[in-house]
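Contents: one structure, followed by commentary.
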Amino acid sequence: GGLTRAQVRYRVDAGVWRRMAGKAYAVAVERPWPPWDMHAMALTWPDATLHGTSALRFWEPQAPLPGNEPIHCAVPHPRRPQPGLVPHVTTVDDGAAVVREGIRIQRRTDAFVAALAALPPRQAESLLAWMIARRKVTVEEFEASLSGYRPRSACRRLGAYVPLVASKVASRAELLARSILVEHGITGWQSNVLVRTVDGAAKSADFLFAAARLIVMIDGWGYHGSRQAFQVDRQDQNGLIGAGYTVLRFTPEDLQRRPAYVVESVFQVLRWAGSPMGS
């Protein structure tokens, strides 16, 4: 706006303005609007692309991503970091980006892959479970994004997630549960199926035996271990029981150390429901 640095500094020191990120400022009394981060990036680096976790947050605001993160930007050539902005020197092709309000944003699945590569393994698997359970990604989309991901050094670790996406199970524990069911000839189930609670809310069942109205849930700590998740799980279970479902819950330890207990528990409910698999 034609102001000098001293004039800008005076407004910040006086509390009239506050720095959002990079070279972007806002009136201090106004609350940040949802896409402020991508506007701050574009005002600072017009040739940048919103990237990785920052781009995924644009597409999926409810995803389990770290809070209070800097804004991750893909830039075509090196430059100095700015407050609140992290530059990543990488090319985002036109086919891998969309333009919103004149600002380039990495496409959702590509942003998802970049976020998985950047996050620590525990947080990455939590994000993966969230995306799979809500049917946010297909194996075809995931493999296509993975094939074009750079740097290639991360692709080996990311490639281990392909079976989880392909099988539509939300965690390694669910993949183990799937193998136990198959090994013991237990059929008639689907994985990660949306069901309705007694009040009509849609919930994802890890494994659903529709004929027996049996739901099997796998309680991994990475996804269910917080106090809030514990509370939500109990409310969901009550809602599912109210809708006429039987709900069995198993932990990864049950699957690893007590698979016979898991199998017999499932068979007992199937026998009680009159399912042929329970014979």
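Quick caveat: nothing in here was measured; it's all calculated off a predicted structure.
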Would you mind writing out the side-chain donor-acceptor pairs for residues 254-261 within the sub-3.5 Å range, not counting sequence neighbours?
{"from": "D254", "atom 1": "OD1", "to": "R258", "atom 2": "NE", "distance (Å)": "3.1"}
{"from": "D254", "atom 1": "OD1", "to": "R258", "atom 2": "NH2", "distance (Å)": "2.8"}
{"from": "D254", "atom 1": "OD2", "to": "T251", "atom 2": "N", "distance (Å)": "3.0"}
{"from": "D254", "atom 1": "OD2", "to": "T251", "atom 2": "OG1", "distance (Å)": "3.3"}

Per-pair distances, 0.1 Å, donor-acceptor, side chain in residues 236-245, under 3.5 Å, sequence neighbours excluded:
{"from": "D236", "atom 1": "OD1", "to": "K203", "atom 2": "NZ", "distance (Å)": "3.3"}
{"from": "Q237", "atom 1": "OE1", "to": "R249", "atom 2": "NH1", "distance (Å)": "2.8"}
{"from": "N238", "atom 1": "ND2", "to": "R234", "atom 2": "O", "distance (Å)": "3.4"}

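Atom CD of E183 sits about 10.0 Å away from atom CG of L181, to the nearest 0.5 Å. Between L43 atom CG and K23 atom NZ the span is 10.5 Å, to the nearest 0.5 Å. One distance of note links CG of D199 with CD of Q235; it measures 10.0 Å at 0.5 Å rounding. For the atom pair OG1 (T49) and NE2 (H72), the distance works out to 14.5 Å, reported to the nearest 0.5 Å. Within the model, atoms NE2 of H39 and CG of L50 stand 10.5 Å from one another, a figure rounded to the nearest 0.5 Å. Atom OG1 of T138 is separated from atom CD1 of I132 by 11.0 Å, given to the nearest 0.5 angstrom.
Put simply, the side chain of W189 does not reach to within 4.5 Å of the side chain of V266, judged on heavy atoms. You'll find the side chain of I215 stays beyond 4.5 Å of the side chain of V193, heavy atoms only. Put simply, the side chain of L127 reaches to within 4.5 Å of the side chain of F112, judged on heavy atoms. The closest side-chain heavy-atom distance from F207 to L214 is not below 4.5 Å.
For G52 against A114, the heavy-atom pair with the smallest separation is CA-CB, 3.8 Å. Shown here for D219 and P252, the closest heavy-atom pair between the two residues is O-CD, 3.3 Å. A111 and Q106 make their closest contact through CA-OE1, 3.4 Å (heavy atoms, listed as atom of the first residue, atom of the second, distance). In terms of heavy-atom proximity, A21 sits nearest to T44 at O-OG1, 3.9 Å. Heavy-atom minimum distance, A117 versus L158: N-CD2, 3.8 Å. L56 and A115 make their closest contact through CD2-CB, 4.2 Å (heavy atoms, listed as atom of the first residue, atom of the second, distance).
When the side chains of ILVMFWY residues are joined at heavy-atom separations under 4.5 Å, either directly or via intervening members, V89 and V86 end up in two distinct hydrophobic clusters. Tracing side-chain contacts under 4.5 Å through hydrophobic residues (I, L, V, M, F, W, Y), one never reaches V92 starting from M38; they form parts of separate clusters. At a threshold of 4.5 Å between side-chain heavy atoms, the hydrophobic network of Ile, Leu, Val, Met, Phe, Trp and Tyr places F267 and F250 in one connected group. The cluster map of Ile, Leu, Val, Met, Phe, Trp and Tyr, joined by side-chain heavy atoms under 4.5 Å apart, puts V216 and L194 in different clusters. In the hydrophobic clustering of ILVMFWY residues, with side-chain heavy atoms under 4.5 Å counting as a link, F209 and V182 come out together.
Not a single donor-acceptor pair under 3.5 Å links the side chain of R57 to the backbone N or O of G67.
For the side chain to side chain donor-acceptor pair (under 3.5 Å) test, no residue two or more places apart in sequence or in another chain qualifies with D13. Residues forming a side-chain contact (heavy atoms from CB on, under 4.5 Å) with S145 (at least two apart in sequence, or on another chain): T109, D110, V113. Here A124 pairs with L116, L119, R157, Y161 under the side-chain contact (heavy atoms from CB on, under 4.5 Å) rule; sequence neighbours left out. Under the salt bridge (Lys or Arg N to Asp or Glu O under 4.0 Å) criterion, E143 pairs with no residue at all, not counting sequence neighbours. With sequence neighbours left out, Y25 forms a side chain to side chain donor-acceptor pair (under 3.5 Å) with R19. Every residue two or more places apart in sequence or in another chain was checked for a side chain to side chain donor-acceptor pair (under 3.5 Å) with R18, and none qualifies. Legend: residues meeting side chain to side chain donor-acceptor pair (under 3.5 Å) with Q7, ordered by chain and number and at least two apart, are T4.
Pairs engaging residues 68-81 under the salt bridge (charged side-chain N to carboxylate O under 4.0 Å, His left out) rule: D47-R79 [sequence neighbours left out]. The list of salt bridge (charged side-chain N to carboxylate O under 4.0 Å, His left out) pairs with a residue in residues 30-46, not counting sequence neighbours, is empty. For the salt bridge (charged side-chain N to carboxylate O under 4.0 Å, His left out) condition, the pairs that include at least one residue of residues 88-108, sequence neighbours left out, are E60-R108, D94-R104.
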> W59 and V98: side-chain contact (heavy atoms from CB on, under 4.5 Å), yes or no, with the steps?
Replying inline: CA-CA 11 Å; W59 297 113; V98 297; 3.4 Å; yes

> Could you go step by step and tell me if S191 and E174 meet the side-chain contact (heavy atoms from CB on, under 4.5 Å) rule?
Replying inline: CA-CA 9 Å; S191 59; E174 288 182 34; 5.9 Å; no

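Counting heavy atoms of neighbouring residues, nucleotides and ligands inside a 6.0 Å radius, atom CD of E264 exceeds 12 of them.
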